[in-house]
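Take a look at the following structure, please.
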Amino acid sequence: MSLHRLTGLTLGVPDVASAAAYYAEFGLTPLASTPEQPPHTARFATVDGGEQLRIARSDRRRLLHLGIGADDPDDLDRVAASLTRFGVEVTRTGTSVRASDPGTEVTVEVTIAERVVAHDPPAPVAYNGPGEPVRAGERAPGILREGPVRPRKLGHVVLGSTDQQTSQRFFTEGIGFRVSDEVPGLAAFMRCSTDHHNVLVQQAPVSFLHHTAWQVDDIDEIGRGAKAMLETDPERHTWGLGRHHIGSNFFWYLKDPAGNFSEYYSDLDCVVEDALWKPGVWDGAQALYSWGPPPPPSFLAPEDLAALMSGAHSA
Ligand SMILES: [Fe+2]
């Protein structure tokens, strides 16, 4: 596969400062502003992905820009040609291809980028099993960790689309994503890397960003990260701890000051050989989670959806 990852995203929010404080506390590393950087924006890095989050001013919360990494210029030519065939306006520069998805209203830009390498990957955690005390005489490493949780990389985004079918085709036929699993007519889990999904588009009454997801080492890091965020503000809690059914990842969702959900996740399914993965067709309820507390209604339909809709219509 020539596409290989999400490079980063730009989050648009009404109040940049409060969102920036939230994502710093979430564990992303604030970057110093540069002379080229637009005013009133903030930039953040992950441990393995480098700069992956920009926050910019926007009248309503939304995903302004999504970056996709490709290996070489031939990939850009291929993406430009397929987007043109798909029928959207394409901006091609020497180093990028850019187009906007009509259903999610997100600007997607493919650039040539380094692949993500996990720096200093964690040692596999040994769990004591029945009759198998593999960690005999030692406390679990997960309870001994100290310091803030640091997300490794941006893993995926979930977008509401007013035209799910068209958005799915934009990402697959236009950009080159592959479908890993599907809830027909409602949602498609699509990948541009070996991760089970990098973009999930779901049918919605208005285009909006549902959540961004950030990989951490393991389930203990999910728990430690969420605990620290909730100690500051329990109202951030949205849904977790649980394990998704589609994608298998452990998850805990929190809410940023603008109303976007941010997810700590670990142990997502990987599709290394396309031929060895069989995409599934699911119904919505079964697909959502294997275990955990039931999702709150505000996860399925965020509380500001009506406000986003009226904002979109008056814009
Ligand atoms: Fe997610």
Side-chain angles (χ1 to χ4, degrees), residues 5-6 8-9 11 22-23 26-28 46 49 52-53 61-63 66 68 104 106 116 149 151-161 164 167-168 171 177-183 186-204 207-219 221-223 225-226 229 236-256 258-271 279-280 282 284-302:
R5 67 167 170 129
L6 299 185
L9 57 84
L11 190 60
Y22 173 94
Y23 286 97
F26 190 76
L28 305 185
T46 56
Q52 294 208 284
L53 173 65
R61 68 179 186 88
R62 63 193 305 169
L63 183 61
L66 181 64
I68 313 289
T104 60
V106 172
V116 166
V149 166
R152 291 274 182 174
K153 67 171 187 181
L154 168 66
H156 61 266
V157 298
V158 173
L159 298 164
S161 168
Q164 192 270 336
S167 293
Q168 180 172 341
F171 280 100
F177 280 60
R178 295 170 192 214
V179 174
S180 296
D181 280 301
E182 208 173 344
V183 183
L186 283 180
F189 295 72
M190 298 174 283
R191 67 183 186 276
C192 64
S193 73
T194 55
D195 291 340
H196 174 275
H197 54 281
N198 301 106
V199 170
L200 162 55
V201 174
Q202 53 190 10
Q203 184 66 37
S207 61
F208 75 103
L209 172 62
H210 186 273
H211 71 263
T212 59
W214 305 84
Q215 184 189 41
V216 294
D217 286 352
D218 55 30
I219 189 171
E221 293 302 271
I222 294 176
M229 293 295 280
R236 290 170 170 169
H237 174 72
T238 300
W239 187 31
L241 172 70
R243 188 160 193 148
H244 280 301
H245 194 78
I246 296 185
S248 304
N249 45 315
F250 295 114
F251 64 81
W252 199 322
Y253 293 88
L254 303 157
K255 188 165 73 171
D256 80 13
N260 307 292
F261 303 133
S262 62
E263 174 189 5
Y264 289 120
Y265 80 89
S266 72
D267 196 28
L268 183 73
D269 290 337
C270 283
V271 182
W282 309 84
Q286 169 201 30
L288 200 52
Y289 69 122
S290 274
W291 58 257
S298 64
F299 181 82
L300 304 173

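Since this is a predicted model, take the numbers as computed values, not measurements. Remember, it's 1-based here, ligands and their atoms both numbered in the order they're listed.
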Exercise for review: Decide side-chain contact (heavy atoms from CB on, under 4.5 Å) for R191 and N198; before the verdict, give the C-alpha distance in whole Å, the side-chain angles of both, and the deciding distance to 0.1 Å.
Suggested key: CA-CA 5 Å; R191 67 183 186 276; N198 301 106; 3.7 Å; yes

Review point. Under 3.5 Å, side chain of N249 to main-chain N/O of F251, donor-acceptor pair present?
Key: no

Practice item. List the steps and the verdict of ring pair (Phe, Tyr, Trp, His ring centres under 6.0 Å) for W239 and F261. Key: CA-CA 10 Å; W239 187 31; F261 303 133; 9.9 Å; no

Practice item. Evaluate whether atom NZ of K153 has more than 12 neighbouring non-hydrogen atoms of other residues, nucleotides or ligands under 6.0 angstrom away. Key: yes

Please output the side-chain donor-acceptor pairs of residues 264-271 that fall under 3.5 Å, not counting sequence neighbours, one pair per line with the distance.
{"from": "Y264", "atom 1": "OH", "to": "F26", "atom 2": "O", "distance (Å)": "2.8"}
{"from": "S266", "atom 1": "OG", "to": "I219", "atom 2": "N", "distance (Å)": "3.4"}
{"from": "D267", "atom 1": "OD2", "to": "R243", "atom 2": "NH2", "distance (Å)": "2.4"}
{"from": "D269", "atom 1": "OD1", "to": "S248", "atom 2": "OG", "distance (Å)": "2.9"}
{"from": "D269", "atom 1": "OD2", "to": "S248", "atom 2": "OG", "distance (Å)": "2.9"}

Study note, to complete from the structure: Ignoring waters, protein N/O/S atoms under 2.8 Å from the Fe ion (ligand 1) are H156 NE2, H211 NE2, E263 OE1

Review point. With a 3.5 Å cut-off and no angle check, do the side chains of H197 and D181 form a donor-acceptor pair?
Key: no

